[in-house]
Structures are given as structure tokens and as C-alpha cells.
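Quick notes on the structure that follows.
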There are 2 protein chains.
Amino acid sequence: MGLRELKRERTRRLIADKAFELFTDHGFGRTTVEQIAAAAEVGPSTLYRYFPTKETLVLEFVEDCLLGAVAWFREQPEVELPDGLQSVIERVLEQLDGNPVRVRAVFDLAAQTASVSAHLNEMTWRFRNELTDELVRRLAGDDPQDAEFTAALAAGIAMNIIETVVRSWVENPDGAEVKELARRAMTLLRGGGIPLPTAGVPGS
Amino acid sequence: MGLRELKRERTRRLIADKAFELFTDHGFGRTTVEQIAAAAEVGPSTLYRYFPTKETLVLEFVEDCLLGAVAWFREQPEVELPDGLQSVIERVLEQLDGNPVRVRAVFDLAAQTASVSAHLNEMTWRFRNELTDELVRRLAGDDPQDAEFTAALAAGIAMNIIETVVRSWVENPDGAEVKELARRAMTLLRGGGIPLPTAGVPGS
DNA sequence: CCAGATTTTGGCAGTGACTACCGTATGGCA
DNA sequence: TGCCATACGGTAGTCACTGCCAAAATCTGG
């Protein structure tokens with residue numbers, strides 16, 4: 001690796017770290033990109049070359065967790081589906097679990113600022129889309145239309161588990177561990193502990 | 001109702017309609033709020049008094065569908081849970097189904113513009129939160145911690161069904177009807193047609 | 001019908017995110 | 001060392017959005 005890419009990685013990290021620092025100290029809305037650029041000792045245009053929006057400065061970490069897990073899943077074509085889904089979920093949760101400070105800060109910022117929350121949601125949507133595509137590929141044996149439908153539902157459930165577990169974990173830090181929460185969610189889903197809507201004929 | 005509220009409603013509608021018109025004609029990004037204000041023959045400050053952000057001009061309709069269904073659900077405390085969930089889902093889908101042009105336009109705009117997509121996701125998140133709260137209230141008999149968890153999963157599944165059905169409906173207009181799609185999703189979920197993650201001990 | 005209280009409105013000035021562009025500096029390579 | 005590609009900083013500009021204030025429209029009591 002050349003000196004160029006090294007410095008690029010370094011400035012990128014520097015900007016992200018300074019931004020994170022300023023956000024947690026003064027809040028997302030009260031921090032301007034010029035302040036971040038100044039703190040990282042670069043020009044605003046340089047900052048925008050690395051991070052297209054202010055929100056990406058906060059959420060790159062989450063993005064890497066989610067999309068990285070899908071990328072990993074794509075490269076394990078021999079794994080059976082239910083186990084594969086579980087692995088994806090566990091992979092994401094493990095990485096988030098490994099950096100609780102960052103996760104907590106991200107949640108705080110998202111709770112304060114609508115645009116961060118919106119960006120976070122968009123990221124989960126991208127995760128769902130990519131996971132759906134990969135699931136469709138693996139369900140190709142079935143009727144293609146139905147495969148798309150089934151895959152979308154399965155991916156949504158996976159994302160749902162992740163969101164619910166992380167949320168529960170963030171909201172009561174003294175509760176169960178992430179792995180335990182994930183297992184409980186899966187057991188509830190499989191065991192019928194969730195009040196699913198009935199498929200019968202509607203009343204009206 | 002006085003003249004004041006009448007004119008207020010009228011201006012509100014006028015602004016929203018003109019905005020919708022301009023968005024579908026020229027795209028979301030290529031339409032400025034000043035253009036919308038000019039088309040509706042009001043000042044920009046007036047527009048901002050009615051709609052806090054540019055995105056709300058597009059998504060108010062969806063918001064009404066989602067949050068309206070939850071509000072309705074809140075006022076039906078005697079309904080049993082699975083049937084209630086199904087009613088909420090059907091209520092949302094019926095309203096969306098009743099205005100396909102608007103739904104299609106919203107999806108097109110969301111596909112084009114990240115900020116619209118983000119806002120749309122934030123709205124579904126709000127729906128999930130409110131639905132979760134109401135479910136928690138009805139699951140009060142159970143262990144409270146577990147109730148929160150179960151409710152969040154159930155609300156997520158409900159939202160998941162709605163998203164998947166609407167998406168499938170929008171993407172192939174000649175396919176099955178919304179009601180049929182919803183029934184299929186629920187049958188898949190109940191009948192175990194979805195590859196759920198296993199709850200067993202992880203491999204590693 | 002009219003004066004006064006209240007609400008709504010439009011314009012104006014300003015902030016800040018984000019874009020396009022351009023001359024310059026710096027690392028990579030022959 | 002000299003050439004090329006890339007990265008950088010700065011400038012000017014657009015646009016979403018916010019506060020503020022004076023004027024117009026609406027409601028209310030006489």
C-alpha cells in the first residue's frame with residue numbers, strides 16, 4: 001500500500017473521530033461541518049470528499065456492520081437457510097456488541113435528531129434489500145414470484161430481530177446479554193409466542 | 001366552523017396539491033419550495049407554517065394512513081390481539097389501495113430521492129413505535145419486560161407485512177390484489193413457510 | 001356597522017448543508 | 001529530476017429552513 005492510501009485512511013479516521021467527539025460533546029445539531037473540518041485541520045471540501053453527508057459521519061460504523069454481514073453471507077453459499085439467517089443476525093449483533101459506546105452514542109444522536117434517525121432507518125432498509133436479494137437467489141427453486149415475497153418477509157424478520165434486540169439492549173443496560181436476547185427473540189418467533197395476525201376471512 | 005379554519009384547510013390542500021403536481025412533473029430535487037409557494041400563491045413562510053419540511057408535502061398521506069390505523073386500534077380495546085393486528089394491517093392496506101396513484105407517486109419519489117426515502121422510513125418507525133406501545137398495554141398480563149419485547153416483534157412483523165405487500169403490489173401492478181397478497185403473507189408466516197432463524201446453539 | 005384584540009400572512013435577513021469549479025500542492029513513477 | 005495523477009483548499013453559489021416584524025385579514029363586543 002502506498003503512502004497515498006495510508007494518508008487517506010488516516011485523514012478519514014481523523015475526520016470521523018473528531019466529528020464523533022464534537023457530536024457527543026455539543027450535539028449533532030449544534031456542530032457545523034466547518035467546525036469538524038477545522039478540528040480535523042482540513043478544508044470543508046475535503047471533508048465532503050470523504051463523507052457525502054453529515055449523517056454518514058455518525059453512521060458509517062453501523063453501515064459496515066450491516067452490509068458487511070450480508071457480504072459475508074453472500075460468500076457462504078453452502079450454508080442452509082435457517083442457519084444462515086441466524087449467522088447473519090449473530091454476526092451483526094456481535095459486532096455491535098463489541099463497540100457498545102459507539103452504539104449507544106449513535107442511538108442517542110438518533111433520538112435527538114430526526115435526520116440521523118432517518119438515515120439510520122434508510123440503512124436498515126438497504127440491509128433488508130440486499131439480504132432479500134441474496135435470499136431470493138437461494139430460494140430460486142420455488143416459484144420466483146413467491147420467492148421474492150418469502151425472501152422479503154424473511155429479511156424483514158431478521159432485521160426486526162436485530163432492531164428489537166439492540167433496542168432492548170440499549171434501553172436497559174443491566175438486562176440480558178445480546179446473545180441471550182437474540183435467542184429469546186428467535187424462540188418466541190418459532191414457538192408461536194408472538195400474536196401473529198390471523199389469515200382467515202376478514203370480519204367486514 | 002369559522003371562515004378562518006375553512007381558509008386554512010383550503011390553503012393547506014392547495015399547497016399540498018400544487019407541490020404534488022410539481023414533484024411528479026419535474027421531480028422532487030428539481031422543485032424548490034419557492035416554486036411551490038409561488039404556484040400556490042402564498043409566501044414561502046406561509047408554506048413552512050403548514051409543512052415543517054419539504055418531505056412532509058409528499059408523505060402526509062402515508063402518515064395519515066399509518067397513524068390513523070393505530071389510533072383506530074387504540075379505540076377498540078375489546079378486540080382480541082391476533083384479529084386486532086390483522087384489522088390494523090387491513091385498514092392501512094385498504095386506505096393505500098384506495099389511492100393507488102398517490103402511492104405509486106410516493107414510491108417513485110422515494111426511489112429517486114434519498115431524503116424522501118429516509119422520511120418514509122422514519123414514518124414506518126413511528127408507526128411501529130405507536131403500535132408497540134398499544135400492544136404492550138394489551139399484553140400487560142405477561143411479564144412486563146417480556147411484553148415489551150414481544151410487542152416490538154409483533155409490531156415489526158405487522159409493519160413488515162405491510163411493506164412487503166405494498167412493495168410487491170407497486171412493483172408488479174398486474175399481480176394479485178392487495179387483500180390476496182396480505183392473506184398470502186399471513187399464511188406464510190403462520191404456516192412456517194418462512195425460513196426463520198433457528199434458536200439453537202450457535203456453531204462457533 | 002365599527003373599533004380593538006387576535007390570528008394569519010408575506011417579506012427580509014441570516015444560518016448552514018451541500019455543490020461546482022479551479023488553481024495549487026503532493027505522492028507515485030519513469 | 002521531470003511528468004502525471006490525484007488530493008487539497010478556497011471561493012462562489014444554491015437551497016432548505018429559521019426568526020423576526022409589520023401589515024392584512026378575521027373574529028368579537030358594543
message: Tell me whether the NZ or CZ atom of Arg167(A) lies within the 45° cone about the ring axis of Phe149(B) and under 6.0 Å from its centre.
response: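 No, Arg167(A) does not lie over the aromatic ring of Phe149(B).
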Arg30(A) NZ/CZ over Phe23(A) ring centroid, <6.0 Å and within 45° of normal: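 Judged by the rule (NZ or CZ under 6.0 Å from the ring centre, within 45° of its axis), Arg30(A) is not positioned above Phe23(A).
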Whole angstrom is fine here: how far is it from [atom1] in [X] over to [atom2] in [N]?
{"X": "Arg30(B)", "N": "dA16(D)", "atom1": "CZ", "atom2": "C1'", "result": "17 Å"}
{"X": "Ile15(A)", "N": "dA7(D)", "atom1": "CD1", "atom2": "P", "result": "13 Å"}
{"X": "Arg10(A)", "N": "dA7(D)", "atom1": "CZ", "atom2": "P", "result": "16 Å"}
{"X": "Glu9(A)", "N": "dA7(D)", "atom1": "CD", "atom2": "P", "result": "12 Å"}
{"X": "Glu5(B)", "N": "dT26(D)", "atom1": "CD", "atom2": "P", "result": "14 Å"}

query: Would you call Arg138(B)-Glu134(B) a salt bridge at under 4.0 Å N-O?
result: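 Glu134(B) and Arg138(B): salt-bridged.
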Residues Ser117(A) and Glu122(B): side-chain donor-acceptor under 3.5 angstrom: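 Looking only at side-chain atoms, Glu122(B) and Ser117(A) do not form any donor-acceptor pair under 3.5 Å.
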- prompt: Are the side chain of Thr46(A) and the backbone of Val42(A) linked by a donor-acceptor contact shorter than 3.5 Å?
  reply: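 Pair absent, no side-chain N/O of Thr46(A) close to backbone of Val42(A).
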task: Using a 4.0 Å cut-off on protein heavy atoms (strictly under), produce a 5'-to-3' string for nucleotides 8-20 of chain C with B for base contact, S for backbone-only sugar-phosphate contact, and - for none.
output: SBBB----SSBB-
message: Could you go through Thr164(A) and Asn160(A), starting from their C-alpha distance and side-chain angles, then the distance that decides it, and tell me whether this counts as side-chain hydrogen bond (donor to acceptor under 3.5 Å, both in side chains)?
response: CA-CA 6 Å; Thr164(A) 307; Asn160(A) 187 14; 3.2 Å; yes
